[in-house]
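Just so it is clear: chains get the letters A, B, ... in the order the sequence lines come, proteins before strands, and each one is counted from 1.
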2 protein chains.
Amino acid sequence: MSPKKKAPSNRRRAAVSIREVARRARVSIATVSRTVNGISSVDPDLAKRVWKAVAEVGYVPNTQARALVSGRSRILGLIVSEITNPFFPELVQEFENLAVAQGYEVMIGSTNYDPVRTESLIQRMLQRSVDGVAVMTFGIEEEQVQKLVEHEFPLVFVDAGPELPNIRVLKVNYAQGIREAVQHLAALGHRQIAFISGPLRMRTAVTRRDAFRKSMAELGLNVPDASIVEGDHTMEGGKAAMERLLALAELPTAVICSNDMTAIGVLHALDETTHQVPRDISVVGFDDIHLAQFMLPPLTTVQMSCRELAAAAVQGLRAGIEPNHPKAAQREWPIATRLVVRRSTDFPRGSLPARRTPAARRRNGVAAK
Amino acid sequence: MSPKKKAPSNRRRAAVSIREVARRARVSIATVSRTVNGISSVDPDLAKRVWKAVAEVGYVPNTQARALVSGRSRILGLIVSEITNPFFPELVQEFENLAVAQGYEVMIGSTNYDPVRTESLIQRMLQRSVDGVAVMTFGIEEEQVQKLVEHEFPLVFVDAGPELPNIRVLKVNYAQGIREAVQHLAALGHRQIAFISGPLRMRTAVTRRDAFRKSMAELGLNVPDASIVEGDHTMEGGKAAMERLLALAELPTAVICSNDMTAIGVLHALDETTHQVPRDISVVGFDDIHLAQFMLPPLTTVQMSCRELAAAAVQGLRAGIEPNHPKAAQREWPIATRLVVRRSTDFPRGSLPARRTPAARRRNGVAAK
DNA sequence: AAACGCTGCGCAAACGTTTTCCGGCCTTTC
DNA sequence: GAAAGGCCGGAAAACGTTTGCGCAGCGTTT
């Protein structure tokens with residue numbers, strides 16, 4: 001209509017720019033930039049004028065331009081294995097909350113254990129020039145790591161990672177929680193305790209399994225090879241693994257699983273038999289996902305706190321990104337694990353026949369209370 | 001060390017730029033840009049030179065610069081209610097796969113039903129200048145919508161949304177699947193069917209409940225007010241709602257839930273009583289999350305396909321973003337729902353006493369087979 | 001043979017910031 | 001009272017792209 005302005009062009013929308021604010025506050029764009037970025041050298045009166053103008057015109061700094069010139073995107077990459085595994089959304093949630101609270105955006109990607117997909121994911125993160133990446137996959141192909149490492153931006157790994165200056169590692173203390181689990185079962189009277197591991201190509205799966213072996217050995221309990229079977233950290237895998245255990249000549253009285261999804265699969269497998277949990281077989285999970293307490297019966301499990309993990313990851317990344325961060329030199333960040341006892345564990349069947357636990361009573365259809 | 005170049009500066013890393021490629025291919029940067037963006041007017045020979053140079057120096061276009069000048073970030077916003085509700089990761093996964101395959105990145109955010117959080121989320125999306133936003137929360141505060149709408153970029157809503165040119169709506173056919181569920185139960189002999197809704201401030205919860213009422217009315221089945229209770233789409237809510245139903249004078253023989261998480265809560269509540277599923281009470285969920293088939297017993301549920309939803313959302317957004325997209329004019333995108341029968345539904349207890357279903361037998365500790 | 005149109009490449013102007021450098025003013029000190 | 005120094009704000013140069021515009025070269029038409 002009115003020809004006074006330049007043609008509106010076909011661009012998206014004339015977002016209000018720093019210039020508009022500067023004009024309105026009668027200062028230079030440099031001053032606006034400084035004010036908005038909280039640089040203290042700007043005069044309070046001017047700052048007030050600037051903020052007023054900002055509010056009036058509804059100015060929002062253009063992130064792209066900002067990133068372009070400063071070289072920092074204020075985006076953190078977060079790589080997980082499988083977003084559909086309930087453990088990870090919980091982690092993502094915590095990570096995102098913390099990152100956003102600290103002024104960062106999050107770019108999420110799940111590898112689905114697929115190297116090609118991972119490759120593309122890393123590529124995309126590079127392309128968006130994230131400021132750092134947290135690789136929370138609990139094991140990633142050596143080759144992929146290399147790719148990330150050579151671009152030398154801040155990285156956080158879980159369990160293990162290359163010994164390089166801007167790489168930080170979240171050291172999960174698996175031994176602690178798993179020992180508690182084994183001792184809990186042993187205290188209840190279990191002697192034949194089986195273990196369903198994660199996929200053994202994953203470093204973390206091996207670590208967890210070894211922690212189990214060690215804890216058993218500490219108590220002088222024997223672990224026949226047959227009672228350690230490999231799962232894949234999915235419900236399907238847990239179900240299949242349990243079916244293999246059920247085929248054994250001598251059944252275990254308790255099963256510890258490398259994660260909660262596996263444990264859910266185990267419950268499912270047992271539901272298709274006459275064995276009841278925990279009456280005939282006790283089951284222990286790992287992770288303590290929210291769902292664990294809603295299983296039937298609620299799952300005894302080793303808790304690995306998402307919040308702790310996420311907090312350490314975000315802090316670790318910031319330590320690498322921001323110059324003179326207080327914990328810049330800290331390479332290893334410890335993460336604790338602890339047992340949470342619920343109703344999927346109980347005395348082994350034969351041990352105390354006279355005593356019936358509440359959980360067992362319920363399962364047999366006798367009204368509780 | 002060597003003073004020939006300018007100081008390396010404290011910037012992140014000297015990413016190889018389009019200029020380097022241009023020099024190497026002995027063309028202008030404009031030609032490189034055109035080649036990389038697949039603009040056909042460039043001579044095949046030159047293009048080959050350019051691609052060679054790109055490969056040699058490992059050129060990756062700088063997304064920020066690209067977005068800055070073109071005004072398009074190639075990022076799609078995806079707003080969900082709760083990333084920790086298993087339905088959403090599945091949706092996110094599908095959405096992301098499709099978006100990435102079509103050259104877009106995804107920025108995810110969950111509202112957690114918190115207006116403040118939602119506000120900030122929208123703000124952040126604006127700031128990152130996403131090309132469009134899919135609001136897959138199944139109900140969002142009117143006020144928030146307004147905020148999004150006024151910035152007039154392409155939007156996709158579920159169920160309902162303002163009648164505006166670049167807004168598209170995914171019309172989920174709740175009636176279809178819920179009718180199938182009601183008819184399935186009725187066919188088994190159920191007459192007292194209860195319904196646990198979502199939080200009624202959510203439009204979608206009301207819609208689903210009304211679909212239930214309508215389907216019941218079609219069959220001439222009575223629905224007393226007391227047998228429709230409000231849940232909140234969480235396990236906790238489902239459990240609490242079922243406990244309210246259990247306090248009723250006349251117990252329903254079947255319960256349909258507004259989503260699967262609610263149904264899981266229901267199973268949990270029933271597990272704490274003497275009622276068994278499906279022997280005493282049949283349970284139907286909604287969504288068909290992956291977990292549904294791993295419940296004990298596996299959940300009969302109404303499937304709403306994540307893939308379908310995600311595909312429609314991505315297409316809908318692209319239709320709004322890209323000029324002359326084939327389906328640019330299509331405002332409503334239909335989404336089907338269908339019943340998936342598993343083992344949480346069966347004949348009502350009294351109806352055929354002689355007949356015991358496999359599921360019931362298992363539950364009573366009699367070996368199947 | 002000349003003129004016209006078309007194709008395809010290069011030049012250079014944006015895009016909206018951050019950040020360096022420089023100059024001016026005010027304060028302080030001798 | 002003058003010089004020196006410090007502080008604060010503005011001008012302008014990047015950052016790495018996309019894209020409008022003009023121009024050269026070539027083929028076709030009159």
> Where is the tightest heavy-atom contact between B/Arg331 and B/Leu164, given as atom of each residue plus distance?
Replying inline: NH1-N, 4.0 Å
> Once you round it to whole Å, what is the distance between P of C/dT17 and CZ of B/Arg128?
Replying inline: 14 Å
>> From C-beta outward on B/Val69, which listed nucleotide comes closest to its side chain: C/dC15, D/dA14, D/dG9?
In response: C/dC15
>> In this structure, how many angstroms lie between the C1' atom of C/dT17 and the CD1 atom of A/Ile39, rounded?
In response: 12 Å
>> Tell me the interatomic distance from B/Asp43, atom CG, to D/dC26, atom P, rounded to whole angstroms.
In response: 13 Å
> Given C/dT19, C/dC9, D/dG16, which nucleotide is nearest the side-chain atoms of B/Ser17?
Replying inline: D/dG16
> Taking the side chain of A/Arg34 as its heavy atoms from C-beta onward, which of C/dC9, C/dT20, D/dT17 lies nearest to it?
Replying inline: C/dT20
> Are any of the side-chain nitrogens in A/Glu322 or A/Arg74 under 4.0 Å away from the carboxylate oxygens of its partner?
Replying inline: no
>> OP1 or OP2 of C/dT18 versus the side-chain N and O atoms of A/Asn37: is any pair under 4.0 Å?
In response: yes
> Nearest-Å distance, CD1 (A/Ile18) to P (D/dG9)?
Replying inline: 15 Å
>> Any side-chain N or O of A/Ser33 below 4.0 angstrom from OP1/OP2 of C/dT17?
In response: no
>> Using whole Å, what does the distance between atom C1' of nucleotide D/dT17 and atom OH of B/Tyr59 come to?
In response: 7 Å
> How many Å lie between CZ on A/Arg49 and P on D/dG9, as a whole number?
Replying inline: 10 Å
>> Keeping B/Asp114 on the side-chain end and B/Val116 on the backbone end, is there a donor-acceptor pair under 3.5 Å?
In response: yes
> Roughly, in whole Å, what's the span from CZ in A/Arg19 to P in C/dG16?
Replying inline: 7 Å
>> Go nucleotide by nucleotide along DNA chain D from the 5' end; which of B/Ala30 and A/Ser28 gets its closest nucleotide reached first?
In response: A/Ser28
>> Side chain of B/Ile29 only, heavy atoms from C-beta on: which candidate in C/dC11, C/dG8, C/dA12 is closest?
In response: C/dA12
> Do any side-chain nitrogens or oxygens of A/Thr31 fall under 4.0 Å of OP1 or OP2 in D/dG10?
Replying inline: yes
> Using a cut-off of 4.0 Å on non-hydrogen atoms, how would the nucleic acid contact of B/Val60 be classed: base, sugar-phosphate, or nothing?
Replying inline: sugar-phosphate
> Any Lys/Arg nitrogen of B/Glu105 or B/Arg72 sitting under 4.0 Å from an Asp/Glu carboxylate oxygen of the other?
Replying inline: no
> Would you call A/Arg168 and A/Glu332 a salt bridge, using N to O less than 4.0 angstrom?
Replying inline: no
> Quick one: which of D/dG16, D/dG10, C/dT17 gets closest to the side chain of B/Asn62?
Replying inline: D/dG16
>> Rounded to whole Å, how long is the line connecting atom CZ of B/Arg26 with atom P of C/dC9?
In response: 14 Å
> Taking the side chain of A/Leu68 as its heavy atoms from C-beta onward, which of D/dC15, D/dT17, C/dC9 lies nearest to it?
Replying inline: D/dC15
